Amino acid sequence: MGVKQQYHAMTRDLMWNPKDFDMNRVYPLLEKEGIILKDPSRWEDPFRMTYNQYVKVQAEKDLLYHAVRNAFEANDGHAKVVDARWYEGVKAFAVAVQPAEYQAHRLMAYVGRNIPIEAIRFATFNQCIDELRHAQIEIKHYAHMSRQIDGLHAYAQTNENNWFNTVPKSFFDDALTSGPFEALMAISFSFEYVFTNILFLPFAQSAGAVGDDSFVAIGRSVQSDESRHMALGMSALKMLLEEDDRNIPIIQKWLDKWYWRAYRIFSVIATLVDYYPRIRPISWKKAFEIYVEDQVFDGLFKDLRKYGIRPPLHAEDSIKEKNHYSHVTMRILDHYKHANVFRGFKLQEDDYEWLSNEYPDTFERYYAPFYRRMDDHVLAVASPGIPAVCCVCQIPNEFPDPDHPTRLWTQYSEYNNKTYMTCSPGCKHIFDQEPTKYMQFWWPAEAYISGEFGENLPGDLFKYLGFSPDEANEYYSSRDYERWKEHRKHLGMEKIFVTR
């Protein structure tokens with residue numbers, strides 16, 4: 001066969017068309033969302049590769065990644081990183097991003113099972129394997145880290161039980177309980193197309209700048225897959241819009257919702273770009289302007305005007321918030337440092353200088369005083385209680401109104417004679433559209449009171465979370481920093497932090 005014939009034989013021609021069963025019984029979710037499909041056979045697979053080609057490409061990438069990882073581990077690369085606090089950021093990345101990768105593989109399997117379009121099914125099949133591979137190589141990195149630093153020795157337990165991870169969990173649970181086309185827009189368009197560049201490129205750049213070559217290899221290996229995933233999101237979006245004009249208001253509603261959902265889940269990435277590296281190639285603000293404002297709002301959505309699609313409903317709010325986003329999220333993490341696997345840390349003078357230069361209108365005025373109080377005593381700014389969290393994104397309700405930064409942006413909705421809190425107008429809009437879904441959210445305060453964390457608190461809480469108080473509630477003391485400097489002199493002679 002020629003290449004084109006072979007491609008059709010191994011992808012399109014394998015599609016099964018049931019004869020003895022009604023299509024609506026085989027694909028019960030197909031008509032639930034109101035999407036009109038006139039000619040699914042004309043849909044194009046943006047990956048344009050057969051499975052054996054896919055395996056060959058991925059095997060080559062895996063060989064390159066593992067070669068870098070093995071060299072990094074064999075040569076004690078962890079000790080060459082500029083500053084130990086980088087690894088506290090990698091812990092936050094581990095708890096937030098790796099479980100999301102695993103959930104993404106489940107989500108793509110769900111989409112492929114429930115959409116009877118061979119181009120979509122084959123693309124989601126490949127992406128499903130991609131996401132599982134991403135989860136695996138990230139876990140490889142954390143497995144090595146757990147031998148060198150503390151806090152990750154009970155990684156699976158921490159990921160399952162830590163309140164911090166309810167943020168990505170809520171996103172993917174939300175998508176997995178949506179219809180298949182909505183789920184496709186949630187992950188392939190809003191998550192992948194709009195935000196994965198800002199996830200892997202700036203943070204991988206930071207990893208290279210501080211000397212974490214293993215994480216650089218992860219970022220490069222993952223991002224080359226993400227470019228294909230972005231192509232799937234764009235292809236699916238345009239095909240849905242071109243199928244029938246009646247699809248347009250449905251798609252617009254999904255874009256309004258999932259842009260904001262994806263934007264909120266990426267809040268921790270803002271802090272990982274701006275705060276955790278000692279050498280920062282780019283700020284969150286500049287990355288947002290390049291990858292979201294320029295490429296998405298000023299590029300993609302201008303192209304979508306011909307279909308009758310406008311930018312997401314709360315796009316302007318996210319643009320206003322770019323001067324506050326990383327600082328607010330970091331402040332939230334510092335408030336609740338005593339219940340997270342990653343530590344807070346003391347900002348240095350060069351940190352204050354860099355942040356002031358990058359955020360001249362906001363940092364010194366609204367955020368530097370908070371961090372200077374924390375510098376005096378690490379627990380001076382720790383919250384004594386359990387936060388009220390947004391019932392949509394599940395981040396604590398501590399975001400300020402960007403138009404009035406001294407006021408909280410917290411919103412309230414009434415449903416069934418009960419008041420529900422959300423962190424912003426974007427999350428309130430989402431709640432008000434589907435209140436019966438979001439009223440079921442898991443709130444750590446209720447779990448605490450009900451005894452889910454244990455009876456002897458706070459001791460049982462740390463057993464439940466899988467880490468100790470020492471791994472949570474202190475920044476690097478002078479003792480820790482001296483150990484770090486000594487470790488750099490004697491590569492591989494002792495651990496950076498003792499695993500407890």
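Worth saying up front: this structure is predicted, and the values here are computed from it rather than measured.
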**Q** Check each of Tyr367, Trp409, Tyr366 against Val328 using the side-chain contact (heavy atoms from CB on, under 4.5 Å) test, and report the only one that passes.
**A**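 Looking at Tyr367, Trp409, Tyr366, the match for Val328 under the side-chain contact (heavy atoms from CB on, under 4.5 Å) is Tyr367.
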**Q** Starting at CD1 of Ile120, measure out to CD of Gln127 and round the result to the nearest 0.5 Å.
**A**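 Rounded to the nearest 0.5 Å, the CD1-CD separation comes to 10.0 Å.
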**Q** May I ask you to say whether Arg280 pairs ionically with Asp274, meaning some side-chain N is under 4.0 Å from a carboxylate O?
**A**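 Not counted as a salt bridge, because no side-chain N and carboxylate O are separated by less than 4.0 Å.
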**Q** Kindly indicate whether the side chain of Leu465, heavy atoms from C-beta on, has any atom under 4.5 Å from the side chain of Thr158.
**A**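 SC-SC contact between Leu465 and Thr158 ruled out.
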**Q** Taking the side chain as every heavy atom from C-beta outward, state whether Asn340 and Asn162 have any pair of such atoms under 4.5 Å apart.
**A**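 Sidechains of Asn162 and Asn340: in contact.
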**Q** Check side chain to side chain contact (heavy atoms under 4.5 Å, CB included) between Gln295 and all other residues, then give those that pass, not counting sequence neighbours.
**A**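 By the side chain to side chain contact (heavy atoms under 4.5 Å, CB included) rule, Gln295 matches Asn197, Ile290, Tyr291.
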**Q** If you define the side chain from C-beta out and look only at heavy atoms, does anything of His314 sit under 4.5 Å from Asp256?
**A**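 The answer is no; the side chains never approach within 4.5 Å.
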**Q** Take Gln411 and Asn397, measure what side-chain hydrogen bond (donor to acceptor under 3.5 Å, both in side chains) needs, and give me the verdict at the end.
**A** CA-CA 9 Å; Gln411 307 286 308; Asn397 290 307; over 6 Å; no
**Q** Are Tyr276 and Tyr87 near enough that their ring centres are under 6.0 Å apart?
**A**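 No.
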**Q** Does any part of the side chain of Val216, heavy atoms only, come nearer than 4.5 Å to the side chain of Val68, both counted from C-beta?
**A**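 No; the side chains remain at least 4.5 Å from each other.
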**Q** Please give me the minimum heavy-atom distance between Gln98 and Ala135, naming the atom from each residue.
**A**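 Closest approach of Gln98 to Ala135: NE2-CB, 3.4 Å.
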**Q** Quick check for you: to the nearest 0.5 Å, what is the distance between Leu107 atom CG and Asp173 atom CG?
**A**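 If I round to the nearest 0.5 Å, the distance is 10.5 Å.
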**Q** Less than 4.0 Å between a side-chain N and a carboxylate O, is that true for Lys91 and Glu88?
**A**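 Yes, charged N to carboxylate O under 4.0 Å.
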**Q** Please give me the minimum heavy-atom distance between Ile218 and Ile137, naming the atom from each residue.
**A**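 Shortest heavy-atom contact: CD1-O, 4.0 Å.
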**Q** Do Phe431 and Tyr420 have ring centres separated by under 6.0 Å?
**A**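 Under 6.0 Å, so yes.
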**Q** Kindly compute the distance separating NE2 (His66) from CG (Asp62), expressed to the nearest 0.5 Å.
**A**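 It is 4.5 Å, given to the nearest 0.5 Å.
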**Q** Tyr259 pairs by ring pair (Phe, Tyr, Trp, His ring centres under 6.0 Å) with which of Phe195, Phe266, Phe191, Tyr193?
**A**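 So, applying the ring pair (Phe, Tyr, Trp, His ring centres under 6.0 Å) to Tyr259 and each of Phe195, Phe266, Phe191, Tyr193, only Phe195 qualifies.
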**Q** What I'd like to find out is whether the side chain of Ser214 reaches to under 4.5 Å of the side chain of Asp212, using heavy atoms alone.
**A**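 Side chain of Ser214 against side chain of Asp212, heavy atoms only: contact under 4.5 Å found.
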**Q** Please find the pair of heavy atoms, one from Lys61 and one from Ser224, that lie closest to each other, and give the distance.
**A**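 Between these two residues, the closest heavy atoms are NZ-OG, 2.8 Å.
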**Q** Using the side-chain contact (heavy atoms from CB on, under 4.5 Å) definition, which of the options Ile269, Ile395, Asp334, Thr271 pairs with Thr329?
**A**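 Between Thr329 and the candidates, side-chain contact (heavy atoms from CB on, under 4.5 Å) is satisfied uniquely by Thr271.
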**Q** Under 30°, 30 to 60°, or over 60°: which ring-plane class applies to His134 and His229, parallel, tilted or perpendicular?
**A**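 Plane angle between 30° and 60°, so tilted.
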**Q** Taking all non-hydrogen atoms of both residues, which atom of Leu232 and which atom of Ala123 are closest, and how far apart?
**A**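 Closest approach of Leu232 to Ala123: CD1-CB, 3.8 Å.
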**Q** Drop me the distance from His324's NE2 to Arg331's CZ, to the nearest 0.5 angstrom.
**A**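 It is 10.0 Å, given to the nearest 0.5 Å.
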**Q** May I ask you to say whether Arg133 pairs ionically with Glu101, meaning some side-chain N is under 4.0 Å from a carboxylate O?
**A**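 Result for this pair is no, no salt bridge flagged.
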**Q** Is the shortest heavy-atom distance from the side chain of Glu138 to the side chain of Tyr142 under 4.5 Å?
**A**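 They are in contact (side-chain heavy atoms under 4.5 Å apart), so the answer is yes.
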**Q** Measure the spacing between OG of Ser190 and CZ of Phe171 and express it to the nearest 0.5 Å.
**A**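 The CZ atom of Phe171 is 7.0 Å from OG of Ser190, to the nearest 0.5 Å.
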**Q** Between Asp317 and Lys322, is there a side-chain N and carboxylate O pair less than 4.0 Å apart?
**A**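 Between Lys322 and Asp317 there is no salt bridge, as every charged N stays at least 4.0 Å from the carboxylate O atoms.
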**Q** Please name the pair of heavy atoms, one in Pro180 and one in Val111, separated by the smallest distance, quoted to 0.1 Å.
**A**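 Heavy atoms of Pro180 and Val111 come nearest at O-CG2, 3.8 Å.
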**Q** Applying side-chain hydrogen bond (donor to acceptor under 3.5 Å, both in side chains) to Thr419 and Glu414, what does each step give before you reach the verdict?
**A** CA-CA 5 Å; Thr419 302; Glu414 298 292 331; 2.6 Å; yes
**Q** Quick one, Arg264 and Val167 - any side-chain contact, counting heavy atoms below 4.5 Å?
**A**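 Sidechains of Val167 and Arg264: no contact.
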**Q** Is the gap between the ring centers of Phe189 and Trp258 under 6.0 Å?
**A**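 Distance test on ring centres: not under 6.0 Å, no.
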**Q** Suppose we call two aromatic rings close when their centres sit under 6.0 Å apart. Are Phe363 and His327 close by that rule?
**A**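 Judged by ring-centre distance (under 6.0 Å), Phe363 and His327 do meet the cut-off.
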**Q** Are the side chains of Leu176 and Gln103 in contact, using a 4.5 Å heavy-atom criterion?
**A**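 Answer yes - side chains close enough.
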